[in-house]
Amino acid sequence: MIKSLSINNISHEFAQNVILQDLSLEIEHGSIHALIGTTGAGKSLLLRLISGLTDLQNGSIETDKQKLSFVFQNNSFLPWLTIEKNLELSTKLKTSEMIMLLRKFNLLDYLKMYPKHLSGGTIQKFNLLRAFLNKSEIVLLDEPFSYLDIIQREDLYNAALDLWKEYRPTILMVTHDIDEALYLSHKISFLSKKEKRIKMTLSIGENQKSLPITNLVEERLKKDYLNNFKILRDLLAEDVR
Amino acid sequence: MKKSLLPLFIIAIFWHLLCYLTIVDPAFFPTPLSIFKNTFMLLSRDHLLIQVYYSLKRLIIAFGLSAPLAIVLAMVVAHFKKIDDFINPIVAFTFPLPKVALYPLLLLIFGIDDLSKIALIGVGIFYLIFINLRVGIKSLLNGQANDVVKIYKLDNVNYLWNFLLKGSQLELLTGLKLGLNYGLTLVVVSEFSTSNNGIGYYIWRSWDQFKIINVYSGILVLSLVGLIFYFFFNYLIDRAQKNMII
């Protein structure tokens with residue numbers, strides 16, 4: 001297994017409140033890895049530690065921070081600049097490639113607009129696009145789909161998978177939504193709030209996945225879907241008890 | 001705009017009535033209409049316009065020297081905590097001091113000519129721009145926008161212009177607006193005491209020569225200048241706010 005991200009024995013606390021303890025996790029190169037856990041388990045903190053936005057207290061993380069991008073839950077475009085200007089600040093791509101992708105995702109019309117004039121779904125599409133366009137080797141997703149309705153999600157899941165197929169970065173995504181984790185990822189790690197580390201990693205297996213997703217209903221009818229759902233659901237339930 | 005003029009109009013009519021009924025002495029309180037007429041006459045014939053020019057010149061020079069310095073320093077201290085720890089106590093301790101009190105000292109240092117006036121005006125302007133912008137940049141650096149900027153590694157020009165300055169443009173514009181307004185106050189004060197031109201000098205001299213109506217005209221012209229700045233900056237602030245709100 002080629003690893004593009006190794007997290008070794010990290011511990012983290014805020015004002016003597018231990019959030020993560022002796023956590024280790026390895027992410028396979030080019031895979032989509034989901035991190036699931038209850039609210040407050042430290043999922044987002046882990047992404048911040050990996051990206052260097054929060055300083056590491058203990059342990060080590062092996063990755064190339066220069067080739068990393070981060071998709072935030074919201075407010076990830078500077079509100080005082082147009083979308084086009086926002087993209088220009090961060091992407092190093094030739095414009096022709098960008099325009100091709102923008103056309104593919106029906107985003108060309110929004111370039112001159114300000115972020116606040118766009119719907120949540122559209123802005124998150126831009127957000128994803130920016131992360132992938134940056135030629136990143138690692139893309140961290142911090143619940144970027146959580147404010148969207150189901151149809152917008154379906155659309156965005158497919159956009160994310162499309163982009164992943166095109167550029168093949170390693171994706172680590174944080175979510176508290178079991179369905180989302182099952183639809184999108186090859187592996188799912190469960191971060192326990194009680195134990196403050198990864199309790200279990202579930203392999204979904206490439207053969208079950210037909211990426212991109214055609215439709216969320218059919219996805220649920222697949223073999224092992226319910227089984228995996230139950231495993232994760234019970235883990236979550238036990239963790240908050 | 002039309003609505004906000006109505007109360008002024010009512011006060012003017014009331015004032016006019018007081019004069020007409022000789023409840024107040026028109027020698028001390030000339031009617032609004034006569035003040036307008038007089039002002040118009042002074043602006044076209046007398047040298048009132050040149051006084052406005054002298055005052056504005058002082059204000060603009062002081063503003064032009066002070067604002068860039070305040071902006072650069074605010075950006076520096078917002079970034080480097082050690083420099084902030086050194087500069088901020090100095091600013092905090094000296095800010096409450098009414099800057100006018102420094103004028104005698106500035107006269108001593110810079111002499112009786114324009115330089116001391118420009119220094120006084122500039123010092124007053126500096127504080128308002130510096131303090132507002134520093135707060136703006138600090139909150140910007142504590143917000144999520146800073147995370148985004150860190151992840152996508154902006155180059156220096158974009159970082160300074162498109163992130164720091166544009167991101168704190170509301171606070172900057174507020175600082176500039178307040179600074180210019182306070183600067184105008186200091187222009188008048190400095191011209192009251194040691195000057196032979198400028199609108200402050202004109203008001204004071206008119207009072208000395210007991211041309212009360214000219215005092216009123218000076219005040220009117222001064223408030224018009226202030227109003228122009230006020231509306232100009234409010235326009236810029238409104239425009240910025242339109243896109244800033246998330």
Side-chain angles (χ1 to χ4, degrees), chain A residues 44-45 47-55 63-93 112-120 123 126-127 129-136 138-144 147, chain B residues 71 74-75 78-82 129 132-177 232-246:
Chain A
S44 297
L45 171 65
L47 292 193
R48 292 185 66 89
L49 290 170
I50 294 167
S51 62
L53 288 175
T54 300
D55 289 334
T63 184
D64 189 352
K65 285 202 181 74
Q66 295 304 312
K67 291 174 180 164
L68 175 149
S69 57
F70 200 127
V71 180
F72 297 90
Q73 198 166 4
N74 55 0
N75 299 345
S76 46
F77 283 85
L78 304 179
W80 53 88
L81 298 176
T82 60
I83 293 291
E84 187 175 31
K85 196 79 199 161
N86 263 289
L87 290 176
E88 262 176 41
L89 292 186
S90 52
T91 49
K92 295 142 198 140
L93 272 197
K112 302 282 179 206
M113 291 188 184
Y114 284 90
K116 77 156 189 172
H117 295 126
L118 270 56
S119 71
I123 198 117
F126 271 114
N127 208 347
L129 198 69
R130 172 171 66 178
F132 286 91
L133 274 172
N134 229 7
K135 296 258 155 128
S136 309
I138 298 171
V139 177
L140 304 174
L141 307 181
D142 191 1
E143 307 194 29
Y147 291 148
Chain B
I71 291 170
M75 285 165 81
H79 247 272
F80 301 102
K81 194 164 178 317
K82 281 191 177 147
I129 299 174
N132 273 290
L133 185 58
R134 177 180 167 274
V135 170
I137 295 180
K138 282 226 151 184
S139 71
L140 188 66
L141 292 176
N142 286 326
Q144 190 174 314
N146 195 30
D147 287 345
V148 177
V149 164
K150 271 189 196 155
I151 290 289
Y152 290 106
K153 299 170 195 70
L154 270 55
D155 59 53
N156 288 338
V157 176
N158 276 325
Y159 182 81
L160 291 175
W161 178 250
N162 282 315
F163 175 60
L164 277 194
L165 271 184
K166 286 200 177 171
S168 54
Q169 57 183 302
L170 282 180
E171 289 85 355
L172 174 62
L173 288 171
T174 305
L176 294 176
K177 177 175 123 175
F232 176 65
F233 277 101
N234 274 7
Y235 165 74
L236 291 182
I237 289 170
D238 275 355
R239 209 185 58 166
Q241 249 165 354
K242 260 184 200 154
N243 296 321
M244 286 285 283
I245 299 158
I246 303 159

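Order of the sequence lines sets the chain letters (A, B, ...), proteins ahead of strands, with each chain counted from 1.
- Applying the 6.0 Å contact sphere to OH of B/Y159 captures more than 12 heavy atoms from other residues, nucleotides or ligands.
- Contact of A/L89 with chain B is made through backbone and side chain together, with heavy-atom distances under 4.5 Å.
- Environment of NZ in B/K138: crowded, with over 12 heavy atoms of neighbouring residues, nucleotides or ligands closer than 6.0 Å.
- For the pair B/I71 and B/M75, the minimum side-chain heavy-atom distance is below 4.5 Å.
- Note that the CG atom of A/L118 and the CE atom of A/M113 stand 6.5 Å from one another [nearest 0.5 Å].
- When heavy atoms are compared at a cutoff of 4.5 Å, A/F70 approaches chain B by way of both its backbone and its side chain.
- Comparing A/R130, A/H117, A/K85 by how many heavy-atom pairs each has under 4.5 Å with chain B, the most go to A/R130.
- Nearest approach of A/S136 to A/A131, heavy atoms of both residues: OG-O, 3.2 Å.
- Chain A is approached within less than 4.5 Å, heavy atom to heavy atom, by B/Q144, B/A145, B/D147, B/V148, B/V149, B/K150, B/I151 from residues 142-151 of chain B, ordered by number.
- Interatomic distance, CG of A/L81 versus CG of A/N86, reported as 5.0 Å (0.5 Å rounding).
- Side-chain contact of B/T174 with B/N132: a donor-acceptor pair under 3.5 Å is absent, judged by distance alone.
- Of the atoms belonging to A/L68, heavy atoms from both backbone and side chain fall under 4.5 Å from chain B.
- The number of heavy atoms from other shown groups lying within 6.0 Å of CG (B/D238) is above 12.
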